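Take a look at the structure set out below.
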Amino acid sequence: MKKSTQQMRYGIWIDKKQATIIKVAPDGTKDYIKVKSHAPLHERFNGETTSKTRLFGTTISRERKMQEIENNAVQHFIKEVVSNLDKANAILILGSGDTRYELQNAINKSKKMNGVWIENRASAKMPIRAIEIEMEKHFNLHFK
């Protein structure tokens, strides 16, 4: 039987603005990675809007274009977070909102992350030490 080279365990706290990643090696050494999102803040629009009608009946609305820009920036942010996960064995995803589900879907679609154990839980904003404590509970780790 071939020995698995995937030994790293990850704890991730994520929202649309930033992600905090804690990477723990089998020997207990920890790395901390912060990834900032470049997504624009969600803009609230006034009540009445106008849609411009173009050739062949297509319409252009400012709200739809801004939502598309925000969605593309979030997807780029998710890909950047996934690129930081090397040789993952288990991943604990913490955070608020839909971004943690988008991250879980991106990990599940990734070929290099096939068979990785993933747990996804809602939580409020956490400092790094609180993320470490949650990782200890879930992975039964004892940090040095």
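These numbers were taken from a predicted model, which means no experiment stands behind them. Positions are given from 1 along the sequence.
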When rounded to the nearest 0.5 angstrom, what is the spacing between CG in D15 and OG1 in T20?
8.5 Å

I'd like to check the side-chain contact (heavy atoms from CB on, under 4.5 Å) partners of S110; sequence neighbours left out, ordered by chain and number.
K112, M113

Taking only residues two or more places apart in sequence, or in another chain, which ones meet T29 in a side chain to side chain donor-acceptor pair (under 3.5 Å)?
D27

Acceptor/donor pairs from residues 118-126 side chains to any protein atom, 3.5 angstrom cut, sequence neighbours excluded:
from, atom 1, to, atom 2, distance (Å)
N120, OD1, R100, NH1, 2.8
N120, ND2, R100, O, 3.4
N120, ND2, Q104, OE1, 2.8
R121, NE, H138, NE2, 3.3
R121, NH2, E134, OE1, 2.2
S123, OG, G95, N, 3.4

Verify same cluster id: W117, M135 (apolar side-chain graph, 4.5 Å)
yes

Tell me, please, which residues at least two apart from E80 pass side chain to side chain donor-acceptor pair (under 3.5 Å).
none

Run the numbers on Y10 and I21 for side chain to side chain contact (heavy atoms under 4.5 Å, CB included), then give the verdict.
CA-CA 7 Å; Y10 289 89; I21 304 169; 3.7 Å; yes

CG of N114 to NZ of K111, rounded to nearest 0.5 Å, is 10.0 Å

Heavy-atom count around D98 CG within 6.0 Å, excluding the residue itself: above 12?
no

Find out if a path of hydrophobic residues (ILVMFWY) with successive side-chain heavy-atom gaps under 4.5 Å connects Y32 to F139.
yes

Hey, any chance V82 and I33 share a hydrophobic cluster, counting ILVMFWY side chains that come within less than 4.5 Å of each other, even indirectly?
yes

To the nearest 0.5 Å, how far apart are NZ in K34 and CD in Q18?
4.5 Å

Can you tell me how far CG of L103 sits from CZ of F77, rounded to the nearest 0.5 angstrom?
8.5 Å

Distance from I22 atom CD1 to R129 atom CZ, nearest 0.5 Å?
9.0 Å

Return the NZ to CG distance between K23 and L85, rounded to the nearest 0.5 Å.
9.5 Å

Would you name the heavy atoms of A106 and I78 that are closest together and state the gap between them?
CB-CG2, 3.6 Å

Results of salt bridge (charged side-chain N to carboxylate O under 4.0 Å, His left out) for K16 - residues two or more places apart only
E70

Cluster link I128 to V24, ILVMFWY, side chain under 4.5 Å
yes

For the residue pair V116 and A88, what are the closest heavy atoms and their distance?
CG2-O, 3.5 Å

Holding to side chain to side chain donor-acceptor pair (under 3.5 Å), I want the full list of residues that pass it with K109, two or more places apart in sequence or in another chain.
none

Worked check of side chain to side chain contact (heavy atoms under 4.5 Å, CB included) between D86 and M8:
CA-CA 7 Å; D86 297 331; M8 300 294 182; 5.9 Å; no

